[in-house]
Amino acid sequence: MFFLAVAEESKISVPDGWKEQPFTREDNPKGLLEESSFATLFPMYREAYLKECWPLVQKALSEHFVKAELDLIEGSMTVTSTKKTFDPYIIVRARDLIKLLARSVPFEQAVRILEDDVACEIVKIGSMVTKKERFIKRRQRLLGPKGSTLKALELLTKCYILVQGNTVSAVGPYSGLKEVRRIVLDTMNNIHPIYNIKALMIKRELAKDPELRTQNWDRFLPKFRQKNLSKRKEPMKKRIKKEYTPFPPPQLPSKMDKEIESGEYFLKESQRRKKKLEDIKTREAEALVRRQEKRNQAFIPPEEKSYEPKEVATSSKLDVNAIKEKVKKAKSKKLGAPPEEVKQKVVDSDKKKKKKKT
């Protein structure tokens, strides 16, 4: 324990906000011995954009003494170091720049790769999922609704992320690129990015505490267990496996064995023929009976439903006298004349008017 404590105290801690000094011509005044070049192809739909922004690319690379060429006939971009190039790693950064431009990353984000503390990562996700529909669904999870998931990842990792076709391109610091790659691979392996986003948010809060910065964070991070809810479809007919026995199954009796058991083996040829004819006649007789029964079924009358007459209610009998009175009243009325109640009301109203006048 004592030696461990001494070893931890002897470790050199990097101060906050420390940055490595940039590589200048004074570090390599004589330049490079050989010229290096890298080329990459780009798709047809990127031709118009590259044509517009290529002067800006040449200007950015000329500051580091790197020559850039655009071949529209072959559809390729080439970067080459010159005699004036002093930074040996700038040609690798220039190669990454043209790769990002070919992968539809805008120039404003791709040019950041020329800085010392910025790197890039291109994750190939096309071959990770076999079915196309499943691949599209999982790729959509990285974007989220209206790009919210991708925006959250960019804020937490401090990287620019672009999901294009079968690749995911990212530009940013080394620590952020490591997280982006892990989250992309987990998403394509059916682990939702929201779980990793939660863990990143907790890590960011823990990093602010100076006491917890040097401790293990496993006890704070959430542990998500993958639940497989999809049940396997059970077959209609279940085959029950028999118990394994080292002994083979018993041999089936042959035709001769069956004849010996029934006694036919010991019969003469004439007796065998006679028995065969008898068997044929019995089978024919049985078939004849079955055919006759089938024919007779058409002549069997169906069972008729028993009809019970319903009792007529006494109250439902017609009242002849009432009908006669109704007919007499209808004949006495004129066609279109108002009913008697209305006539009586009119007569009463006329009488009242006469009284008022008098």
Query - Basic-acidic side-chain contact under 4.0 Å: Lys281, Glu278 - result: no
Requested in this report: Verify the neighbour count for atom OH of Tyr265: are there more than 12 heavy atoms of other residues, nucleotides or ligands below 6.0 Å?
Outcome: no
Query raised in the report: What is the distance from atom CG of Leu41 to atom CE of Met77, rounded to the nearest 0.5 Å?
Result: 8.5 Å
Query - Residues clustering with Leu143 (ILVMFWY side chains joined when closer than 4.5 Å, directly or via others) - result: Val123, Ile125, Met128, Val129, Phe135, Ile136, Leu142, Leu150, Leu153, Leu156, Ile161, Val163, Val168, Val180, Ile183, Val184, Leu185, Met188, Ile197, Leu200, Met201
Query raised in the report: Has Arg25 got more than 12 heavy atoms of other residues, nucleotides or ligands less than 6.0 Å from its CZ?
Result: yes
Report task. Evaluate whether atom NZ of Lys137 has more than 12 neighbouring non-hydrogen atoms of other residues, nucleotides or ligands under 6.0 angstrom away. Result -> no
Requested in this report: For the residue pair Arg95 and Val66, establish whether any side-chain heavy-atom pair is separated by less than 4.5 Å.
Outcome: no
Query raised in the report: Of Leu177, Asn196, Thr187, which is the lone residue that meets side-chain contact (heavy atoms from CB on, under 4.5 Å) with Arg182?
Result: Asn196
Query raised in the report: Can Arg103 and Thr167 be counted as having a side-chain donor-acceptor contact under 3.5 angstrom?
Result: yes
Query - Note, Ile98 side chain near Thr78 side chain (heavy atom, < 4.5 Å) - result: no
Query raised in the report: Between Leu221 and Ile202, is any pair of side-chain heavy atoms under 4.5 Å apart?
Result: yes
Query raised in the report: Would you say Phe220 and Glu205 make side-chain contact, with heavy atoms under 4.5 Å?
Result: no
Requested in this report: Quick one: sort the Phe23 and Phe86 rings into parallel, tilted or perpendicular, breaks at 30° and 60°.
Outcome: parallel
Query raised in the report: Within a strict 4.5 Å, meaning less than it, do heavy atoms of the Phe42 and Leu101 side chains meet?
Result: no
Query - Any side-chain heavy-atom pair of Ile122 and Lys99 under 4.5 Å - result: yes
